[in-house]
Participant: 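Below is the structure I would like to discuss, written out as structure tokens.
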2 protein chains.
Amino acid sequence: MTTMTEAAALPLNRVLPGDCIEVMATLPEASVDLIFADPPYNLQLRGDLRRPDNSRVDGVDDAWDSFASFDAYDRFTRQWLSAARRLLKPDGAIWVIGSYHNIFRVGAALQDQGFWILNDVVWRKTNPMPNFRGKRLTNAHETMIWAGRDQAAKYTFNYDALKALNDGVQMRSDWTLPICTGHERLRDEDGDKAHPTQKPQSLLHRVLVGSTNPGDVVLDPFFGTGTTGAVAKMLGRDFIGIERDEGYRRAAEARLADVRRFDATALQVTTGKRAEPRVPFGQLVERGMLRPGETLTGPRGQTARIRADGTLVADRITGSIHQVGAALDGAPSCNGWTYWSFQREGQRVPIDILRQQIRAELA
Amino acid sequence: MTTMTEAAALPLNRVLPGDCIEVMATLPEASVDLIFADPPYNLQLRGDLRRPDNSRVDGVDDAWDSFASFDAYDRFTRQWLSAARRLLKPDGAIWVIGSYHNIFRVGAALQDQGFWILNDVVWRKTNPMPNFRGKRLTNAHETMIWAGRDQAAKYTFNYDALKALNDGVQMRSDWTLPICTGHERLRDEDGDKAHPTQKPQSLLHRVLVGSTNPGDVVLDPFFGTGTTGAVAKMLGRDFIGIERDEGYRRAAEARLADVRRFDATALQVTTGKRAEPRVPFGQLVERGMLRPGETLTGPRGQTARIRADGTLVADRITGSIHQVGAALDGAPSCNGWTYWSFQREGQRVPIDILRQQIRAELA
DNA sequence: TCTCCTTTTGAATCGACGA
DNA sequence: CTCGTCGATTCAAAAGGAG
């Protein structure tokens with residue numbers, strides 16, 4: 001959906017160096033379909049933490065996670081969110097992940113800037129770090145906020161694909177997934193973890209399958225070691241990464257070079273009836289699949305006759321298949337396609353069968 | 001822990017009428033051990049919502065949940081929080097429950113006022129209302145914030161009691177509990193629900209066991225129909241309720257009169273048996289155990305390829321592992337978990353092996 | 001009383017498109 | 001803009017009723 005000029009101006013599938021607020025300011029507005037952001041959590045750790053066996057926990061103590069006050073953190077948040085919002089297309093959306101240290105401030109800032117929250121999603125970790133001191137509950141989840149650019153945004157939501165991913169029941173707002181460990185966890189030459197808060201690919205897989213389409217542009221302003229880019233590449237989405245730390249950038253670039261894109265068939269995803277072309281009921285009459293004068297039957301024996309223009313008459317009611325069905329049932333609305341049947345060889349046949357025939361021809 | 005004079009001044013185990021901000025101002029400072037608050041969520045619903053069968057959803061349209069703007073909601077939040085904080089003893093703590101509509105604003109206000117967040121706790125509903133229009137994820141959880149009066153507060157945390165409640169492993173920050181239905185749900189003379197958002201006793205049971213001791217004073221400034229009071233009474237804690245709606249107050253008082261101390265009802269609902277967790281096939285794909293594009297093999301050499309949403313494609317058939325297996329065999333049904341295998345190092349491996357791996361992690 | 005099936009219901013920010 | 005029309009969309013529990 002990008003024009004040539006936009007596409008030319010966008011540095012796709014690269015990791016841009018620098019501070020994300022400054023770099024985002026250089027990119028063209030309304031050019032990005034989705035933003036996934038994993039900003040610093042502002043953890044406020046005091047001293048170091050030791051396990052019961054006295055070994056030291058390797059916590060997040062990097063300078064980039066340190067802010068002088070809530071106020072400073074809020075200023076930072078509002079700046080990067082504002083820059084990010086400028087880059088979103090009108091129907092774009094954003095995901096932000098955080099913990100209780102920062103997510104309330106991020107959520108309030110999103111609302112204040114006009115983003116429209118669609119869901120908050122809980123990532124339940126199957127294998128969280130235990131609470132070694134027994135002073136609080138095990139912090140076993142993180143929170144993601146999914147928001148449209150504004151209330152009017154017609155955001156992408158692949159409902160049927162996520163439903164398929166969840167064994168045929170609609171996807172819920174709590175996602176149970178393991179943290180990033182094992183081979184997936186990037187390590188430096190010394191065997192230490194390359195990034196303290198590397199997110200699992202499974203998390204990004206679900207986000208991108210659910211809220212983007214192949215060919216969409218996904219921006220990650222806190223790219224880190226590039227989980228967003230890796231999954232985007234696998235799924236045939238374009239990405240833009242921004243990362244100011246050279247070490248993380250190098251790790252991400254090495255990682256991305258090894259990623260293969262899934263083939264076209266694998267990228268296809270379950271779609272529902274919404275994606276199908278519309279078929280006017282009148283077309284069934286025009287094509288002679290149903291004849292004017294023929295009688296249709298409703299679910300409880302209601303009858304109506306077809307007129308030459310594809311409207312129905314029942315009793316004193318006239319109108320579309322939907323309107324007559326709704327009127328007969330005293331219902332506020334009705335899907336005429338699933339309401340009415342016709343007779344063929346003594347059998348009741350739903351009219352939706354005929355619509356499916358036409359759609360099959362169109363495919 | 002209360003002195004004689006404080007105890008004398010406190011209206012214990014009663015439901016006080018009136019606006020909570022005004023009523024709290026009349027109570028003595030530093031007199032309460034714990035506050036549990038379920039403030040209005042500011043839902044901002046538009047129009048009515050119908051189920052696919054055309055029945056109408058009885059949503060929250062009460063005047064008390066309506067605010068003119070985020071700004072108005074913030075002012076309200078800061079006022080009641082500030083009044084509540086004055087009432088807390090130095091080592092007191094607060095719980096606030098909310099949804100994505102309001103919880104970010106509440107969380108930020110808590111931090112701004114000097115409360116110190118201890119955990120955010122996710123209430124995962126076993127039986128949430130589905131998303132009827134298929135436009136978002138099922139909103140299947142609510143969020144609670146647990147915070148000390150300030151960073152120095154030596155808050156109460158009954159670590160071992162919660163660990164015992166959780167089958168001997170540390171209590172996590174995600175709690176899986178059913179919503180309030182059935183006999184527990186209070187109804188008026190007409191059989192309608194007495195309160196639109198009654199919380200389950202199991203939730204309060206866990207909160208009060210974990211963060212109060214017998215004899216503590218628990219304040220609920222948005223008392224509603226009195227779940228907090230009922231569970232407090234059962235558990236031998238004192239409570240103070242504030243509720244401005246007379247109908248809710250009467251329902252709460254009738255309810256409380258029937259509650260006996262040490263009633264085991266709440267305990268029973270808290271500990272439920274766990275069934276074997278369902279593992280969607282899609283999770284094997286998300287987690288990279290199987291790749292999109294990879295080929296699965298059936299018992300007699302049938303093949304199908306995996307797509308990014310966890311569905312299979314074989315010939316012209318698309319669907320779940322079960323559906324495609326059944327279609328290829330011309331069978332009415334099929335257990336895809338035992339039907340399909342994948343290749344690893346030249347060997348055929350049943351996909352069920354991978355499901356067992358995931359279940360082992362969850363156990 | 002027990003089983004089986006049907007009905008009801010729950011804190012919900014729940015369209016798209018053309019005229 | 002608004003307005004009218006098309007037509008897509010639900011899961012787990014518990015209550016209630018039939019046999």
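In the text below, chain A, chain B and the rest are named by the order of the sequence lines, each starting its count at 1. As a basis for the values below, the full set of heavy atoms in this structure was taken, side chains included, without hydrogen atoms, waters or symmetry mates.
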Participant: From the list C:dA11, D:dA13, D:dA8, which nucleotide is the closest neighbour of the side chain of A:Ser333?
Facilitator: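 Nucleotide nearest to A:Ser333's side chain: D:dA8.
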Participant: Of all the nucleotides listed (C:dT13, C:dA11, D:dA8), which has the minimum atom distance to the side chain of B:Leu45?
Facilitator: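 In terms of side-chain proximity for B:Leu45, the closest of C:dT13, C:dA11, D:dA8 is C:dT13.
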Participant: Applying a 4.0 Å non-hydrogen cut-off, can you work out what B:Cys180 is touching in the nucleic acid: base, sugar-phosphate, or nothing?
Facilitator: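 It contacts nothing in the nucleic acid.
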Participant: Is there a donor-acceptor pair under 3.5 Å between the side chain of A:Asp91 and the backbone N or O of A:Ala153?
Facilitator: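 Checking the backbone N and O of A:Ala153 against the side chain of A:Asp91, no donor-acceptor pair under 3.5 Å is found.
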Participant: Among D:dC6, D:dT10, D:dT9, which nucleotide sits nearest the side chain of B:Arg133?
Facilitator: D:dT9
Participant: A:Trp175 ring centre to A:Arg206 NZ or CZ under 6.0 Å, with the angle to the axis within 45°?
Facilitator: yes
Participant: Take the protein atom CZ of A:Phe157 and the nucleotide atom P of C:dC14, then report the distance between them rounded to whole Å.
Facilitator: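 Rounded to the whole Å, the gap is 14 Å.
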Participant: Without decimals, in angstroms, what is the distance between B:Arg50 CZ and C:dT9 C1'?
Facilitator: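 Spelled out: CZ on B:Arg50 to C1' on C:dT9 is 15 Å.
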Participant: Any side-chain N or O of A:Asn335 below 4.0 angstrom from OP1/OP2 of D:dA8?
Facilitator: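 Affirmative; the distance criterion is met.
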Participant: What does A:Pro280 touch in the nucleic acid at a heavy-atom separation under 4.0 angstrom: a base, only the sugar-phosphate, or nothing?
Facilitator: nothing
Participant: Report the nucleotide, chosen from D:dT9, C:dT13, C:dT9, that has the shortest atom-to-atom distance to any side-chain atom of B:Ser55.
Facilitator: C:dT9
Participant: Base, sugar-phosphate or nothing for B:Lys199? Non-hydrogen atoms, less than 4.0 Å.
Facilitator: base
Participant: Angle class for the B:Phe222/B:Trp80 ring planes (parallel below 30°, perpendicular above 60°, tilted otherwise)?
Facilitator: perpendicular
Participant: May I ask you to test the A:Arg348-A:Thr297 pair for a side-chain heavy-atom distance under 4.5 Å?
Facilitator: yes
Participant: Could you tell me whether the side chains of A:Gln302 and A:Asp329 share a donor-acceptor contact shorter than 3.5 Å?
Facilitator: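 Checked: A:Gln302/A:Asp329 side chains pair up, N/O donor to acceptor below 3.5 Å.
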Participant: Give one of base, sugar-phosphate or nothing for B:Asn139, where a contact means two heavy atoms less than 4.0 Å apart.
Facilitator: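 The answer is sugar-phosphate, as B:Asn139 gets under 4.0 Å only of primed atoms, P, OP1 or OP2.
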Participant: For A:Thr338, which contact category applies under a 4.0 Å heavy-atom criterion: base, sugar-phosphate, or nothing?
Facilitator: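 Answer is nothing: A:Thr338 stays at 4.0 Å or more from every strand.
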Participant: CD of B:Glu142 versus C1' of C:dA11: gap in Å, rounded?
Facilitator: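 Going from B:Glu142 (CD) to C:dA11 (C1'), I get 6 Å.
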Participant: Verify whether one side chain among B:Thr228 and B:Asp220 offers a donor that lies under 3.5 Å from an acceptor in the other.
Facilitator: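 Their side chains do contain a donor-acceptor pair, which is all the 3.5 Å distance test asks for.
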Participant: Give a yes or no on whether a donor-acceptor pair under 3.5 Å exists between the nucleobase atoms of D:dG7, that is its base, and the side chain of A:Arg355.
Facilitator: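 For A:Arg355, whose side chain was compared with the base of D:dG7, there is no donor-acceptor pair (under 3.5 Å).
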Participant: Between atom CG in B:Asn131 and atom P in D:dA8, what is the gap in whole Å?
Facilitator: 17 Å
Participant: Mind calculating the distance between CD (B:Gln198) and P (C:dA11) to the nearest angstrom?
Facilitator: 9 Å
Participant: Base, sugar-phosphate alone, or nothing: which one does A:Gln151 contact when heavy atoms must sit under 4.0 Å apart?
Facilitator: nothing
Participant: May I ask you to check whether A:Trp116 and A:Tyr155 place their ring centers less than 6.0 Å from one another?
Facilitator: no
Participant: Looking at B:Thr126, I'd like to know whether one of its side-chain N or O atoms comes within less than 4.0 Å of OP1 or OP2 on D:dA12.
Facilitator: no
Participant: Let me spell it out: for each of B:Tyr41 and B:Arg46, pick the nucleotide of DNA chain C with the closest heavy atom. Which residue's pick is nearer the 5' end?
Facilitator: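 That would be B:Tyr41.
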Participant: When you check the phosphate oxygens OP1 and OP2 of D:dC6, does a side-chain N or O of A:Tyr339 lie under 4.0 Å from one of them?
Facilitator: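 No, A:Tyr339 has no side-chain N/O under 4.0 Å of OP1/OP2 on D:dC6.
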Participant: Among C:dA11, D:dG7, C:dG15, find the nucleotide with the atom closest to the side chain of B:Lys135.
Facilitator: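 Among C:dA11, D:dG7, C:dG15, the one nearest the side chain of B:Lys135 is C:dG15.
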Participant: Heavy-atom distance under 4.5 Å between the side chains of B:Ser99 and B:Leu43, does that happen here?
Facilitator: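 With C-beta onward as the side chain, the pair touches.
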Participant: Side chain of A:Gln111: nearest nucleotide among C:dT13, D:dG7, D:dA13?
Facilitator: C:dT13
Participant: Within 90° of 0 counts as syn, otherwise anti: where does C:dT13 fall?
Facilitator: syn
Participant: Indicate, with a heavy-atom threshold strictly under 4.0 Å, whether B:Gly47 touches base, sugar-phosphate, or nothing.
Facilitator: base
Participant: Looking only at side-chain N and O atoms, does B:Lys193 come under 4.0 Å of OP1 or OP2 in C:dT9?
Facilitator: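 It does not, given that no N or O in the side chain of B:Lys193 lies less than 4.0 Å from OP1 or OP2 of C:dT9.
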Participant: Answer yes or no: does a side-chain N or O of B:His183 lie under 4.0 Å from OP1 or OP2 of D:dA15?
Facilitator: yes
Participant: Nearest heavy atom decides the nucleotide; on that basis, is A:Tyr155 or B:Gly59 closer to the 5' end of DNA chain C?
Facilitator: B:Gly59
Participant: Is the cationic atom of B:Arg105 (NZ for Lys, CZ for Arg) positioned less than 6.0 Å from the six-membered ring centroid of B:Tyr73 and within 45 degrees of its normal?
Facilitator: no
Participant: B:Trp95 pairs by side-chain contact (heavy atoms from CB on, under 4.5 Å) with which of B:Ile145, B:Leu34, B:Ile35?
Facilitator: B:Leu34
Participant: Carefully, step by step, assess B:Tyr248 and B:Phe223 under the rule ring pair (Phe, Tyr, Trp, His ring centres under 6.0 Å).
Facilitator: CA-CA 8 Å; B:Tyr248 298 161; B:Phe223 201 61; over 10 Å; no
Participant: Which part of the nucleic acid, if any, lies within contact of B:Pro200, taking any heavy atom under 4.0 Å across all strands shown: a base, the sugar-phosphate backbone alone, or nothing?
Facilitator: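 No contact.
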Participant: Side chain of B:Pro130 only, please: which of D:dC11, C:dA11, C:dG15 is the nearest?
Facilitator: D:dC11
Participant: Quick one: label A:Leu118 by what it contacts on the DNA or RNA (base, sugar-phosphate, nothing), any heavy atom closer than 4.0 Å.
Facilitator: nothing
Participant: Looking at A:His322, I'd like to know whether one of its side-chain N or O atoms comes within less than 4.0 Å of OP1 or OP2 on D:dC6.
Facilitator: no
Participant: Let's see if you get this right: which residues in residues 95-105 of chain B place a heavy atom under 4.0 Å from DNA chain C?
Facilitator: B:Tyr100, B:His101
Participant: So which one's nearest nucleotide on DNA chain D is more toward 5', A:Arg278 or A:Gly168?
Facilitator: A:Arg278
Participant: Scan B:Asp38 against the nucleic acid and name what it touches under 4.0 Å (heavy atoms): base, sugar-phosphate only, or nothing.
Facilitator: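 The answer is base, as B:Asp38 lies within the cut-off (heavy atoms under 4.0 Å) of a base atom.
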Participant: Check the distance between C:dC17's C1' and A:Arg274's CZ and give it to me in whole angstrom.
Facilitator: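 For the pair A:Arg274 CZ and C:dC17 C1', the rounded distance is 14 Å.
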Participant: For the side chain of B:Arg136, counting heavy atoms from C-beta on, which of C:dG10, C:dT13, D:dC6 is nearest?
Facilitator: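 Shortest atom-to-atom distance from the side chain points to C:dT13.
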Participant: Using both pair distances under 3.5 Å as the test, note the stems of at least 3 consecutive Watson-Crick or G-U pairs that include DNA chain D.
Facilitator: C:2-10 with D:11-19, C:15-19 with D:2-6
Participant: Test your reading of the model: is there a side-chain donor-acceptor pair from A:Asn158 to the backbone of A:Thr271, 3.5 Å cut-off?
Facilitator: no
